[in-house]
Amino acid sequence: MRTSIATVCLSGTLTQKMEACAAAGFDGIEVFEPDLVTAPQSPEEIRALADRLGITLDLFQPFRDAEGVDPATFAGNVRRAEAKFRLMRRLGMDTMLVCSNVGTASVDDDHVSAAQLRELGDLAAGYGVRLAFEALAWGRYVDDYRRAWRVVELADHPAVGVCLDSFHILSRGHDPKAIEQIPGDKVFFLQLADAPTLSMDVLSWSRHHRLFPGEGSFALAEFLAHVLRTGYDGPLSLEVFNDTFRQTDPDRTARQALRSLRWLEDQAARQLGGEAGPDLVRLPDVDEPAGLDFVEVKAEDAGEVEVLLRQLGFTFRGRHRSKPVRLWTQGSARVVCNEQQARDMPPTLSAIGYEVSSTAVSADRAARLLAPQVHRRTYAGEQELAAFAAPDGTEIFLGEVPEGPDATWTVEFEQGASPDPDPLVTHVDHVNLVQPWQHYDEAVLFYSSVLGLEAQAALEVAGPVGLVTSQVMRSRDGRIRLALNLLPAGIEGGLPQHIAFACRDVVTLAREARARGLRTLAVPDNYYEDLDARFDLAPDLLATLRELDLLYDRDGDAEFLHFYTATAGGVFLEVVERRGGYDGYGAANAPVRLAAQLSR
Ligand SMILES: O=C(O)c1ccc(O)c(O)c1
Ligand SMILES: [Mg+2]
């Protein structure tokens with residue numbers, strides 16, 4: 001279907017916004033009036049620019065406080081509206097959004113609102129303009145789409161229809177099912193926005209915290225399916241008021257926005273099944289990744305991380321035959337230490353390889369979701385891997401699920417030892433990626449749409465430098481777990497990232513690692529006193545935890561024991577043992593870890 005986006009979603013001047021929308025691949029835009037009022041270009045110049053960029057001007061918005069008013073106020077509204085209809089003619093635009101009255105409404109009567117919209121519709125028709133009436137969630141009287149539709153029905157004018165905005169409907173918990181009772185040709189426009197679940201007044205929520213589809217918690221695929229069942233065939237348009245997107249790179253936001261629409265179209269098509277029209281974007285089906293192929297640490301000198309790996313019992317599997325790259329493995333955990341093109345770089349988590357059932361299909365899906373491709377130098381005889389950049393710059397590699405116990409590419413590494421046949425570490429449990437504040441929401445959408453991971457409920461962890469928001473993206477089977485940590489803005493130097501390894505026996509592993517010289521992250525004694533108070537632990541378990549700097553959590557009968565290494569550059573390592581099906585991450589222990597990492 002045609003795609004559109006409101007200029008209010010982006011930062012920049014009107015012309016920069018238009019260029020960003022066109023470059024991303026949108027078909028059209030909603031002109032948010034304040035963007036035009038503040039632009040130095042004439043309406044004719046804006047129209048010409050849109051033509052040159054190949055985008056249509058789909059919706060002029062908003063026209064406020066139009067209906068439900070006394071006759072004197074309405075006379076003023078008619079004059080104001082006519083000025084905007086003239087302006088729209090100069091812009092070559094035919095649809096205006098009229099939002100329900102917030103400021104001047106004094107008559108709570110659908111018949112009065114309808115009569116006034118009918119009169120405005122008559123006037124609009126003379127300019128070739130249609131009016132799309134939208135119920136704002138905080139409208140004085142009309143605050144529900146069902147009431148806006150009743151008013152439009154009563155107005156009974158060909159130039160008067162409704163605008164449906166998912167935010168106003170879903171934020172209030174209104175059932176979107178009744179959308180299907182509106183004839184599709186009376187739905188003049190559709191605005192889509194997601195949002196996180198928040199408990200705050202709906203106006204502030206709407207003006208500051210809207211998100212692109214797939215980044216929040218609204219059931220937008222179901223919502224869109226209801227709208228499409230009416231026969232609506234106008235643009236799918238994004239209207240996202242968001243403080244972050246208003247101040248960050250508009251080109252990037254526009255690409256992210258288009259990705260969200262492609263994802264949503266595909267999701268809605270799946271909802272609609274056989275009913276789906278041919279116009280909806282379909283993405284290739286992919287299974288969730290079957291496992292983690294490898295994690296890569298990049299550094300000018302990866303030695304410090306390699307010491308930690310050796311202490312944790314990893315086996316050095318050799319050097320790459322043509323690159324300054326070394327491989328360490330234990331169980332199916334593979335860590336690649338890459339010193340190629342890494343001048344002055346401290347150890348950093350730079351890439352993650354995922355095992356997928358078909359690299360070609362997954363790569364096709366990623367490309368259709370506008371994931372930026374990464375080009376790495378490969379050498380003759382080496383496996384070609386599809387690679388994309390995640391929003392934080394982490395490279396995503398797609399490799400086939402190995403047939404044997406080891407990934408096929410490990411043969412490219414030479415002169416190392418053979419794998420340990422009976423390792424304590426079995427696999428990578430999770431990877432923790434610190435996200436810059438401006439890319440966090442994009443990352444949630446990226447991992448869910450491109451890799452098919454599911455967002456778990458976000459939580460906030462208090463650290464000495466600020467609140468860190470943590471959101472786990474995982475596969476349904478739990479084999480892939482990425483913890484995205486949102487860094488508070490302005491932290492000098494950022495926070496370290498980590499790889500967590502799952503092991504069969506964390507106590508034995510911690511003892512062996514210490515015997516090999518490992519320094520674990522020191523845990524304060526206060527923590528153990530609190531732990532004992534909370535869990536009433538057996539004295540010898542408590543003593544072991546204390547002795548080895550182990551952290552502990554319990555959920556029903558399931559237990560979680562884990563420890564952290566010291567930090568090497570921008571990376572540290574964690575070892576976890578899940579007992580009895582424990583499924584979390586020891587969230588209560590995260591503040592202890594953050595404080596320990598920063599205490600001197
Ligand atoms: O916040 C507002 O006022 C506003 C304006 C126009 C819209 O379409 C909308 O959804 C909200
Ligand atoms: Mg709206």
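One-based numbering, in listed order, for ligands and for the atoms of each. Everything numeric in this text was worked out from a predicted model, so none of it was measured.
With respect to atom 10 (O) of ligand 1, the closest heavy atom belonging to the protein is His168 NE2, 2.6 Å. Scanning the protein for heavy atoms near atom 7 (C) of ligand 1, the closest one is Glu239 OE2, 3.0 Å. Regarding atom 6 (C) of ligand 1, its nearest protein heavy-atom neighbour is Gln61 OE1, 3.1 Å.
With a 4.0 Å heavy-atom cut-off, ligand 1 is reached by the side chain of Leu136 but not by its N, CA, C or O. Contacts of Leu97 with ligand 1, taken as heavy-atom pairs under 4.0 Å, involve the side chain alone.
At a cut-off of 2.8 Å, Gln61 is not counted among the residues with an N, O or S atom near the Mg ion (ligand 2).
Val450 and Ala371 get closest at one heavy-atom pair: CG2-CB, 4.4 Å. Heavy atoms only, all atoms of each residue included: Trp263 and Pro213 are closest at CZ3-C, 3.9 Å.
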*asked:* Show, in sequence, the C-alpha distance, side-chain angles and deciding distance for Ile179 and Val187, and conclude whether the side-chain contact (heavy atoms from CB on, under 4.5 Å) test is met.
replied: CA-CA 9 Å; Ile179 288 172; Val187 181; 5.6 Å; no
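The contact set between ligand 1 and Glu134, taken as ligand atoms under 4.0 Å from a residue heavy atom, comprises 6 (C), 7 (C), 8 (O), 9 (C), 10 (O).
Using a 30° and 60° split on the angle between ring planes, Tyr127 and Phe85 fall in the tilted class, from 30° to 60°.
If you run side-chain hydrogen bond (donor to acceptor under 3.5 Å, both in side chains) between Asp243 and each of Arg210, His209, His208, only His208 comes through. Exactly one of Arg476, Arg481, Arg479, Arg474 qualifies for a salt bridge (charged side-chain N to carboxylate O under 4.0 Å, His left out) with Glu288. That residue is Arg476.
Nearest N/O/S atom of Glu239 with respect to the Mg ion (ligand 2) is recorded as OE1. Nearest to the Mg ion (ligand 2), among the N, O or S atoms that Asp165 has, is OD2. Looking at Glu134, its N, O or S atom nearest to the Mg ion (ligand 2) turns out to be OE2.
Counting heavy atoms only, Arg207 comes closest to atom 2 (C) of ligand 1 of the residues Gln191, Glu33, Arg207.
A ring-centre distance under 6.0 Å is found for Phe245 and Phe212.
Among the atoms of Trp138, none of the N or O lies under 3.5 angstrom from an N or O of ligand 1.
Judged by distance alone, with hydrogens and angles left aside, the side-chain atoms of Asp194 form a donor-acceptor pair with the main-chain N or O of Ser217 at under 3.5 Å.
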